[in-house]
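Quick notes on the structure that follows.
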Amino acid sequence: MAVIEQIFPSLTWRIRHVTMYPHQPYDFVKLEHDFDGIHFGIYVDYELTGVVSLFMEDGIGQFRKLAILPEAQHQGLGSQLMTYLIDFCKVQKLTKLWCNARVNSTEFYTKFGFHQTNQTYSAAGFDFVRMELVIQYG
Ligand SMILES: CC(C)(COP(=O)(O)OP(=O)(O)OC[C@H]1O[C@@H](n2cnc3c(N)ncnc32)[C@H](O)[C@@H]1OP(=O)(O)O)[C@@H](O)C(=O)NCCC(=O)NCCS
């Protein structure tokens, strides 16, 4: 059974590194503002298996570095974490949630109601597009 908990920032780093940037130095995955964020982990059989980080400002949330360990992908864990994150944003009464999505992951976010904007960029060998979700209440 999968359990989602709020976790310390440093616990995200190994999962981010292994999943997203294994060929970069370990410190590459540490974010300047990590200690201002709220971080969630999904545990499977007590093992930390996936992470996501939320940064809130003026009623708007940005999530970063959603990562499910490669061997645990396509089992619904990313979807569980995303559903939990959106519910958390509602508790926080946020109006919008956005991310810079890797273009090969946009389909995943579309399932949750995110729409693509025309803001794109490339970094560290990946193409990104900004995606936004208007949070619905009631
Ligand atoms: C993207 C990611 C978080 C999805 O988590 P997950 O646990 O694999 O996703 P789920 O099992 O809940 O849902 C997967 C479904 O989303 C859709 N999907 C679309 N693009 C996808 C992608 N790049 N990876 C996984 N699923 C994707 C598919 O419909 C997929 O269904 P399938 O498993 O039947 O093919 C995970 O694959 C991951 O960590 N990828 C590497 C890092 C990454 O790209 N992070 C996002 C950066 S923006």
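One is the number of the first residue; the rest follow in order along the sequence. The model shown is predicted, which means the values in this text are computed figures rather than measured ones. All ligand and atom numbering here is 1-based and tracks the order in the structure.
Nearest heavy atoms, A123 versus F128: O-CE1, 3.6 Å. Considering every non-hydrogen atom in both L48 and I15, the closest pair reads O-CD1, 3.4 Å.
Under the 4.5 Å side-chain heavy-atom criterion for grouping Ile, Leu, Val, Met, Phe, Trp and Tyr, L69 is not connected to L85 through any hydrophobic cluster.
For CG of D87, the number of neighbouring non-hydrogen atoms (other residues, nucleotides, ligands) closer than 6.0 Å is greater than 12.
Without hydrogens or angle criteria, H39 side chain to D34 main chain gives a donor-acceptor distance under 3.5 Å.
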*Test Y21 against F126 for ring pair (Phe, Tyr, Trp, His ring centres under 6.0 Å), laying out the working first.*
CA-CA 10 Å; Y21 294 104; F126 294 96; 5.7 Å; yes

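Protein residues lining ligand 1, listed by chain and number: T19, M20, L66, A67, I68, Q73, H74, Q75, G76, L77, G78, S79, A101, R102, N104, S105, E107, F108, Y109, K111 [non-hydrogen atoms, distance under 4.0 Å].
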